[in-house]
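What follows is a set of notes on a single structure, which appears directly below.
What you see below is based on every heavy atom in this structure, not just the backbone, and it leaves out hydrogens, waters and symmetry mates. All residue numbers in this chain count up from 1 along the given sequence.
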Amino acid sequence: RADRALYTAKLTGRDRCVLDDLDNVDLTRDLARALAAGEVRAWLQPIVSPQDGSVSGWEALARWEHPTRGPVPPNRFIPLAESTGLIHELGSAILADACRAANQIRLAWRREFLLTVNVSGRQLTAPGYAEGLFEILRETGFPADLLVVEVTESLLDGTSLEALRALEALRRRGVCVAIDDFGTGYSAFSRLDVLPADYLKLDQEFIAGITTSPRRAAMLQALLQLAHALGIAVIAEGVETREQGDMLAGFGCPLVQGYHFGRPVDPADVLDQGPKASDASVQALTLAAARW
Ligand code: C2E
Ligand code: MG
Ligand code: MG
Ligand code: MG
């Protein structure tokens, strides 16, 4: 391994690409094995109301602790899963794990929460996707009307009728749709009125400037009003500072998510808090969570 690391460091250009390909082959094989062994888990990050800090929901985020490499970032293994077709298995594993955990939490707390789950285009348009999703809901007991699937806006640019059809099939049966990473790239502003969206997740990139740029703050306020008028609920992502949280609360943003309110955690740690868990105890737990 050390020899290989040295070898890798000396390579450049085309040779480097070949080696990256080899590494992808290794990692793909390991990912397939990890999925079969149940080693890819759903962690949960709280989605909270900025007004009172109460937990309204959780976003499921895939976590993979590789036996020798340590934690592998989702931005590394999700694209790999998409390109190799493992995304279907990964998606089902994460959905099932997250629904099971969220159901245990709501039963322990005697309170309802949203659960949001990321879905890639390739998953959504696979034949039988909706049936598989409802099968997992039945098995885990998690209610369809508390589930939100997160898709990126590029998926909804109108070119994939299959994607739009799949989302409509989910919505007819109570599942909600969120547009993830809104405000990056060329946002589908002109199509907000026709998109099958119940939630709009404002990307961290959009949120980052709100307390330093008055023009960005004006855009935020206008976007919140527009979404409200369209009956779409906004979730601000990547909220890292108290100032950002205060501004979002002041502007009436219904939901926020970010390191200022809590990091993703292993759901087992939430359940360990038992029935006495509260918004405050969950905040303390998630604020102290290790960074992935
Ligand atoms: P995303 O869906 O936009 O998820 C938000 C990402 O921002 C997560 O990164 C989360 O840990 C991180 N985050 C949350 N709050 C903050 C903050 O205040 N500051 C900063 N800097 N980051 C914050 P993560 O878990 O590394 O996931 C990265 C991306 O990988 C996700 O972006 C999503 O696109 C994808 N992903 C993760 N899990 C799944 C999955 O189960 N299925 C699919 N298809 N994609 C997934
Ligand atoms: Mg997301
Ligand atoms: Mg996002
Ligand atoms: Mg993102």
Would you say that [X] contacts [Y] through its side chain, given a criterion of any heavy-atom pair below 4.5 Å between the two side chains?
{"X": "L285", "Y": "V282", "answer": "no"}
{"X": "F182", "Y": "V234", "answer": "no"}
{"X": "L115", "Y": "C99", "answer": "yes"}
{"X": "L95", "Y": "V119", "answer": "no"}
{"X": "S160", "Y": "L155", "answer": "no"}
{"X": "L31", "Y": "V40", "answer": "yes"}
{"X": "L90", "Y": "I78", "answer": "yes"}
{"X": "P267", "Y": "Q104", "answer": "no"}

field: Verdict with reasoning, D198 to V148, per side-chain contact (heavy atoms from CB on, under 4.5 Å)
entry: CA-CA 9 Å; D198 306 286; V148 182; over 6 Å; no
Calculate, to the nearest 0.5 Å, the distance between atoms [atom1] and [atom2] belonging to [X] and [Y] respectively.
{"X": "I94", "Y": "L61", "atom1": "CD1", "atom2": "CG", "result": "9.0 Å"}
{"X": "S54", "Y": "Q283", "atom1": "OG", "atom2": "CD", "result": "10.5 Å"}
{"X": "D279", "Y": "R111", "atom1": "CG", "atom2": "CZ", "result": "4.5 Å"}
{"X": "Q221", "Y": "L248", "atom1": "CD", "atom2": "CG", "result": "11.0 Å"}
{"X": "F251", "Y": "L223", "atom1": "CZ", "atom2": "CG", "result": "12.0 Å"}
{"X": "L86", "Y": "F77", "atom1": "CG", "atom2": "CZ", "result": "11.5 Å"}

Looking only at non-hydrogen atoms, find the nearest pair between [X] and [Y] and report the distance.
{"X": "A249", "Y": "Q51", "answer": "O-NE2, 2.8 Å"}
{"X": "A102", "Y": "F142", "answer": "CB-CE1, 3.7 Å"}
{"X": "I179", "Y": "E153", "answer": "CG2-CB, 3.6 Å"}
{"X": "F206", "Y": "G183", "answer": "CD1-CA, 4.2 Å"}
{"X": "S120", "Y": "I87", "answer": "OG-CG1, 3.5 Å"}
{"X": "T125", "Y": "G121", "answer": "OG1-O, 2.9 Å"}

Between the side chains of [Y] and [X], is the shortest nitrogen-to-carboxylate-oxygen separation below 4.0 Å, so that they form an ion pair?
{"X": "E237", "Y": "K201", "result": "yes"}
{"X": "R138", "Y": "E135", "result": "yes"}
{"X": "E168", "Y": "R165", "result": "no"}

query: Picking from L226, I232, L195, what satisfies side-chain contact (heavy atoms from CB on, under 4.5 Å) with L200?
result: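 Of L226, I232, L195, side-chain contact (heavy atoms from CB on, under 4.5 Å) with L200 is met by I232 alone.
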- request: Would you list the pairs meeting side-chain hydrogen bond (donor to acceptor under 3.5 Å, both in side chains) in which at least one residue belongs to residues 241-252, sequence neighbours left out?
  value: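 Residue pairs with at least one partner in residues 241-252: there are none.
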- prompt: Under the side-chain hydrogen bond (donor to acceptor under 3.5 Å, both in side chains) rule, what pairs show up with a residue in residues 27-47, not counting sequence neighbours?
  reply: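 Qualifying pairs, neighbours excluded: D30-H66, R33-E39, R41-D97, Q45-Q257.
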- request: Carefully, step by step, assess R69 and L27 under the rule side-chain contact (heavy atoms from CB on, under 4.5 Å).
  value: CA-CA 10 Å; R69 295 170 190 246; L27 206 58; 3.4 Å; yes
message: Determine whether L114 and I47 satisfy the following criterion, side-chain contact (heavy atoms from CB on, under 4.5 Å), listing intermediate values before the conclusion.
response: CA-CA 9 Å; L114 296 174; I47 297 172; 5.8 Å; no
message: One pair to check against side chain to side chain donor-acceptor pair (under 3.5 Å): E205 and T184. What are the steps and the verdict?
response: CA-CA 7 Å; E205 222 177 274; T184 59; 5.7 Å; no
When clusters are formed by joining ILVMFWY residues with side-chain heavy atoms under 4.5 Å apart, either directly or through shared neighbours, do [X] and [Y] land in the same one?
{"X": "I136", "Y": "L146", "answer": "yes"}
{"X": "Y259", "Y": "I207", "answer": "no"}
{"X": "V55", "Y": "V239", "answer": "yes"}
{"X": "L44", "Y": "V48", "answer": "yes"}
{"X": "L202", "Y": "Y199", "answer": "no"}

Main-chain N/O of L80 paired with S83 side-chain donor or acceptor, under 3.5 Å: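 Yes, S83 side chain to L80 backbone: donor-acceptor pair under 3.5 Å.
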- prompt: Going through the distances and angles, do E240 and Q204 end up as a side-chain contact (heavy atoms from CB on, under 4.5 Å)?
  reply: CA-CA 9 Å; E240 292 188 341; Q204 177 182 14; 3.2 Å; yes
